[in-house]
Protein chains: 2
Amino acid sequence: MVRHSRARRSDCPIGFTLDIFGDRWSLLILRDVLTRAKSRFREFAAEERIATNVLAERLERLEGAGLLTRANDPSDARQFVYRPTRAAIDLLPVVVEMAYWGAMHDPETGAPREFVEAYEADRQALLAGMRAALTAGS
Amino acid sequence: MVRHSRARRSDCPIGFTLDIFGDRWSLLILRDVLTRAKSRFREFAAEERIATNVLAERLERLEGAGLLTRANDPSDARQFVYRPTRAAIDLLPVVVEMAYWGAMHDPETGAPREFVEAYEADRQALLAGMRAALTAGS
DNA sequence: GTACATCACTTGCATAATGCAAGTGATGCG
DNA sequence: CGCATCACTTGCATTATGCAAGTGATGTAC
C-alpha cells in the first residue's frame with residue numbers, strides 16, 4: 001500500500017513546511033492556538049466549519065509532528081488541553097505575514113485595524129508581544 | 001450545485017489567504033515564480049511531482065485570483081509566460097518565513113546555508129533583494 | 001515540405017481526502 | 001438517577017488529486 005498523502009515530496013524547506021500544514025485546516029488550527037488562546041477540541045470545532053473527524057485527525061497529526069502537546073485537563077476529565085510547542089510558536093512569523101497579506105489584499109477583510117497598525121509600526125515588537133503571551137504560563 | 005471547494009469560509013485574513021493558496025500546490029508554484037525564476041508550464045511541471053491537469057487548474061486559478069499573469073511568449077507561440085503580479089510579490093515575506101521555519105525545523109533540510117545566513121543577518125535586506133530581482137524587468 | 005519533437009494543456013479513470021450526519025462511551029452536573 | 005457535554009468514531013456521499021495516455025498547435029532538422 002502506497003501512501004501518497006504525506007510522503008516527503010521535496011527537499012526544499014518550503015516543501016517540508018507544506019508537508020506539515022499545507023492543507024486547509026492545519027494552519028487554521030495553529031492560528032487558533034497561537035493567536036486566539038484556543039486549546040480544546042470543542043473550541044477548534046466551533047468557529048470554523050471543520051468536520052470533527054478531520055479535526056481529530058489534524059490534532060493527532062500536529063501532535064505527531066511536534067507542533068502541539070495534548071494534556072489532560074485537571075478540572076475536567078473529559079477534556080484535553082492542546083498547547084503549541086516551541087516549534088509551533090516559531091510559526092508566528094508565518095502566521096503574522098499571512099494575516100498581513102490577507103489584510104492588505106482582501107477587499108472585505110475582517111482584520112482588526114490595530115493588528116495592521118501594530119505590524120506597520122513595529123513588526124518585531126508585535127511578534128515579541130505575541131510570543132510573550134504564549135510563553136507566559138510556562 | 002454547491003461549490004464547497006473555494007467558498008469563503010472565514011472572515012479572518014488568514015482564512016482569506018488560505019482560500020487562495022491553502023492547498024499543497026499553489027504555494028509551491030508561487031515559490032517557483034518568486035524565488036526560482038520559473039515562468040513556463042513545463043518548468044513548473046518538471047521539478048515537483050504535480051500532475052499536469054492539477055497544474056493547469058492551479059495556474060488558471062492563480063491567474064483568476066490576480067496572482068499571476070499569462071502572456072504569449074514572443075519567441076515561441078506554443079509557450080506562455082507566467083509572471084507574478086504585485087500581489088504575488090507581496091507574498092515574499094510569507095514564502096521567506098516558511099522557508100526559514102522549514103530550514104530551522106527540518107532535520108534534513110536542503111535549505112542553502114546562505115539563505116539562512118542572509119535571513120539572520122538582515123531580513124529586510126534579503127526581502128528587498130528578492131523583491132528587486134522580481135521587479136527588475138518591469 | 002515532410003517527419004518528428006515539444007509545447008501547453010485534456011481526458012478518463014482509480015484513489016485519496018473531505019464533508020456531513022449520526023452515533024458512542026466516558027464524565028460532569030443537578 | 002437522568003440528562004447534558006465532552007472528545008472523538010463511523011458510514012457514506014461528494015470532491016479533489018494522481019496517473020497515464022491522448023490532442024492539436026507549433027518548432028525544428030533534414
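By convention in this document, chain letters (A, B, ...) are assigned in the order of the sequence lines, proteins followed by strands, and residues within each chain are numbered from 1.
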Enquirer: I'd like to know if the side chain of A:W101 reaches the main chain of B:A87, judged simply by a donor and an acceptor atom lying under 3.5 Å from each other, with no hydrogens or angles considered.
Expert: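 Yes; judged by distance alone, with no hydrogens or angles, the pair exists.
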Enquirer: Regarding A:Y82, tell me which of base, sugar-phosphate or nothing describes its non-hydrogen contacts under 4.0 Å with the strands shown.
Expert: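 Sugar-phosphate contact only.
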Enquirer: For A:R49 and C:dC20, is the shortest distance between a side-chain N/O and OP1 or OP2 below 4.0 Å?
Expert: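 Checking C:dC20 against A:R49, no side-chain N or O comes under 4.0 Å of OP1 or OP2.
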Enquirer: For a quick test of reading the model: is some side-chain N or O of A:R70 closer than 4.0 Å to OP1 or OP2 of D:dA7?
Expert: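 So the side chain of A:R70 is outside the cut-off, no N or O lying under 4.0 Å from OP1 or OP2 of D:dA7.
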Enquirer: For A:R83, is the CZ atom crowded, meaning more than 12 foreign heavy atoms sit under 6.0 Å from it?
Expert: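 Counting neighbours around CZ of A:R83, 12 or fewer heavy atoms of other residues, nucleotides or ligands fall under 6.0 Å, so no.
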Enquirer: So does B:E117 pair up with B:R123, basic N to acidic O under 4.0 Å?
Expert: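 B:R123 and B:E117: not salt-bridged.
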Enquirer: With heavy atoms under 4.0 Å as the rule, sort B:N53 into base, sugar-phosphate or nothing.
Expert: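 If one applies the 4.0 Å heavy-atom cut-off, B:N53 turns out to touch a base.
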Enquirer: If you only use heavy atoms from C-beta on, which nucleotide in D:dT26, D:dT9, D:dT17 is closest to the side chain of B:A77?
Expert: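 My answer, after comparing the listed nucleotides, is D:dT26.
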Enquirer: Is there a side-chain contact between A:Q79 and the phosphate of D:dA7, meaning an N or O under 4.0 Å from OP1 or OP2?
Expert: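 For D:dA7, OP1/OP2 do have a side-chain N/O of A:Q79 under 4.0 Å.
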Enquirer: Look at the side chain of A:R40 and decide which nucleotide, out of D:dA7, C:dT18, D:dT9, has an atom nearest to it.
Expert: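 Out of D:dA7, C:dT18, D:dT9, the nucleotide with an atom closest to A:R40's side chain is D:dA7.
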Enquirer: Indicate whether any N or O donor in one side chain lies under 3.5 Å from an N or O acceptor in the other, for A:Y100 and A:E120.
Expert: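 There is such a pair (donor and acceptor under 3.5 Å, judged by atom type) between the side chains of A:Y100 and A:E120.
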Enquirer: Looking at C:dC7, C:dC20, D:dC6, which one has an atom nearest to any side-chain atom of A:A51?
Expert: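 Per side-chain heavy atoms of A:A51, the pick is C:dC20.
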Enquirer: Taking the nucleotide of DNA chain D with the closest heavy atom to each, which residue, A:D76 or A:E60, is nearer the 5' end?
Expert: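 So the residue in question is A:D76.
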Enquirer: Please report the distance, rounded to the nearest Å, between CG in A:L62 and C1' in D:dC8.
Expert: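 Rounding to the nearest Å, CG of A:L62 and C1' of D:dC8 are 16 Å apart.
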Enquirer: Of all the choices, D:dT17, C:dC9, D:dT9, which nucleotide is nearest to the side chain of B:W25 once you look at every atom?
Expert: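 For the B:W25 side chain, the nearest candidate turns out to be D:dT17.
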Enquirer: Would you please confirm or rule out a distance under 4.0 Å between OP1 or OP2 of D:dG27 and any side-chain N or O of B:R78?
Expert: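 Looking at the OP1 and OP2 atoms of D:dG27, neither is under 4.0 Å from any side-chain N or O of B:R78.
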